[in-house]
Amino acid sequence: MHRHQTGSVSEDFGKLILRVSLALLILLHGVAKIMNGVGGIEGMVAKIGLPPAFAYLVYVGEVIAPLLVLVGLMTRPAALVIAINMVFAVVLAHMQDLFSMTKTGGWALELQGMYLAAALAVAFLGAGRYSIGGQSGRWN
């Protein structure tokens with residue numbers, strides 16, 4: 001029998017900070033796509049041989065999944081969707097910078113890398129007690 005261990009208040013507060021930060025920052029990208037459309041992404045998707053309609057999945061990765069992560073509902077799968085979205089963002093738009101550095105010494109893809117790492121961390125850590133889904137539950 002598998003028992004869920006309850007974390008400390010500070011652990012759950014840390015999960016909340018990570019969840020909210022990731023969700024809001026990704027959601028801003030989704031809002032921009034709602035306002036401006038996904039025309040550019042359709043071209044990038046078609047260029048790698050996928051149907052242009054796949055571009056609309058960005059709304060799942062940058063609007064729906066971040067909203068779920070933000071409130072803490074179906075948190076683990078939603079965070080995995082964000083992580084997959086980030087992999088696609090790198091493949092579609094940033095491969096040329098994968099092994100590049102900025103003039104100030106940072107990795108050219110540090111923002112995408114941080115989003116991906118944060119999404120994976122949330123997927124493994126779960127939502128914690130400060131969420132709609134609470135700290136228990138297989139998917140939260």
Side-chain angles (χ1 to χ4, degrees):
M1 178 167 126
H2 185 267
R3 290 185 58 204
H4 289 281
Q5 298 220 339
T6 57
S8 70
V9 170
S10 64
E11 287 173 0
D12 285 319
F13 193 66
K15 290 176 185 180
L16 175 67
I17 292 168
L18 181 61
R19 252 187 33 241
V20 169
S21 300
L22 172 66
L24 290 177
L25 292 172
I26 293 290
L27 187 58
L28 292 173
H29 290 272
V31 168
K33 290 180 181 74
I34 289 170
M35 295 172 64
N36 302 315
V38 294
I41 299 172
E42 285 178 311
M44 289 185 261
V45 167
K47 196 173 182 178
I48 65 166
L50 294 171
F54 271 50
Y56 291 90
L57 290 173
V58 75
Y59 293 121
V60 176
E62 294 184 6
V63 177
I64 296 170
L67 287 172
L68 290 170
V69 168
L70 181 65
V71 299
L73 187 62
M74 296 295 289
T75 305
R76 292 175 192 268
L80 284 175
V81 167
I82 294 171
I84 292 166
N85 186 74
M86 288 314 305
V87 169
F88 269 90
V90 169
V91 168
L92 293 175
H94 302 288
M95 284 301 287
Q96 72 279 3
D97 296 321
L98 189 60
F99 299 106
S100 300
M101 301 290 283
T102 66
K103 63 183 175 185
T104 56
W107 182 33
L109 300 183
E110 63 189 13
L111 183 60
Q112 295 83 354
M114 186 59 76
Y115 286 153
L116 176 59
L120 290 172
V122 170
F124 282 104
L125 291 170
R129 77 179 78 203
Y130 305 117
S131 62
I132 287 178
Q135 61 188 0
S136 61
R138 175 180 192 166
W139 303 110
N140 210 38

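A heavy-atom distance below 4.5 Å is not found between the side chains of Leu125 and Glu11. Put simply, the side chain of Leu116 reaches to within 4.5 Å of the side chain of Leu120, judged on heavy atoms. Annotation: side chain of Leu18 is not in contact with side chain of Lys15 (no heavy-atom distance under 4.5 Å). Tyr130 is not listed as a side-chain neighbour of Ile17, based on a closest heavy-atom distance of 4.5 Å or more.
A pairwise comparison of heavy atoms in Ala78 and Val69 identifies CB-CG2, 3.7 Å as the closest pair. Taking each heavy atom of Val9 and Arg129 in turn, the nearest pair found is N-NH2, 3.7 Å. Nearest heavy-atom pair, Val81 versus Gly61, reported as atom, atom and distance to 0.1 Å: CG1-CA, 3.9 Å. The two residues Trp107 and Met101 come nearest to each other via the heavy atoms CA-SD, 4.1 Å. When all heavy atoms of Ala119 and Ala83 are compared, the pair lying nearest together is CB-N, 3.7 Å. Of all the heavy atoms in Pro51 and Val45, the pair that sits closest is O-CG1, 3.2 Å.
In this structure, Tyr59 contributes its side chain and Lys33 its backbone to a donor-acceptor pair below 3.5 Å. Judged by distance alone, with hydrogens and angles left aside, the side-chain atoms of Arg76 form no donor-acceptor pair with the main-chain N or O of Val122 at under 3.5 Å. For the pair Asp97 (side chain) and Ala108 (backbone), a donor-acceptor distance under 3.5 Å is absent.
There is no path of hydrophobic side-chain contacts, each under 4.5 Å, that joins Ile41 to Val91. Transitive grouping of hydrophobic side chains (ILVMFWY, heavy atoms separated by less than 4.5 Å) brings Ile48 and Val58 into a common cluster. A single hydrophobic cluster is seen to contain both Leu50 and Leu57, as judged by linkage of ILVMFWY side chains at heavy-atom distances under 4.5 Å, directly or through other members. One hydrophobic cluster holds both Leu92 and Val63 under the rule that ILVMFWY side chains link at heavy-atom gaps under 4.5 Å. Residues Ile64 and Val71 share a hydrophobic cluster, clusters being chains of Ile/Leu/Val/Met/Phe/Trp/Tyr side chains in contact below 4.5 Å.
Of the inter-residue distances, the one linking Ile84 atom CD1 with Leu80 atom CG reads 6.0 Å to the nearest 0.5 angstrom. Rounding to the nearest 0.5 Å places OH of Tyr115 at 4.5 Å from CG of Leu25. Here the straight-line distance linking atom OG of Ser100 with atom CE of Met95 works out to 11.0 Å at 0.5 Å rounding. To the nearest 0.5 angstrom, His29 atom NE2 is 6.0 Å from Leu111 atom CG.
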Stepwise, does the side-chain contact (heavy atoms from CB on, under 4.5 Å) test hold for Phe99 with Leu109? CA-CA 9 Å; Phe99 299 106; Leu109 300 183; over 6 Å; no
Problem set entry | side-chain contact (heavy atoms from CB on, under 4.5 Å) evaluation trace for Leu70 with Arg19 | CA-CA 6 Å; Leu70 181 65; Arg19 252 187 33 241; over 6 Å; no
Checking side-chain contact (heavy atoms from CB on, under 4.5 Å) for the pair Tyr56/Val38: CA distance, chi angles, key distance, verdict? CA-CA 7 Å; Tyr56 291 90; Val38 294; 3.6 Å; yes
Q | side-chain contact (heavy atoms from CB on, under 4.5 Å) assessment of Leu68 paired with Thr75 | A | CA-CA 6 Å; Leu68 290 170; Thr75 305; over 6 Å; no
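The number of heavy-atom neighbours closer than 6.0 Å to CZ of Phe88, taken from other residues, nucleotides and ligands shown, is 12 or below. The environment of CE in Met44 is crowded: more than 12 heavy-atom neighbours from other residues, nucleotides or ligands sit within 6.0 Å.
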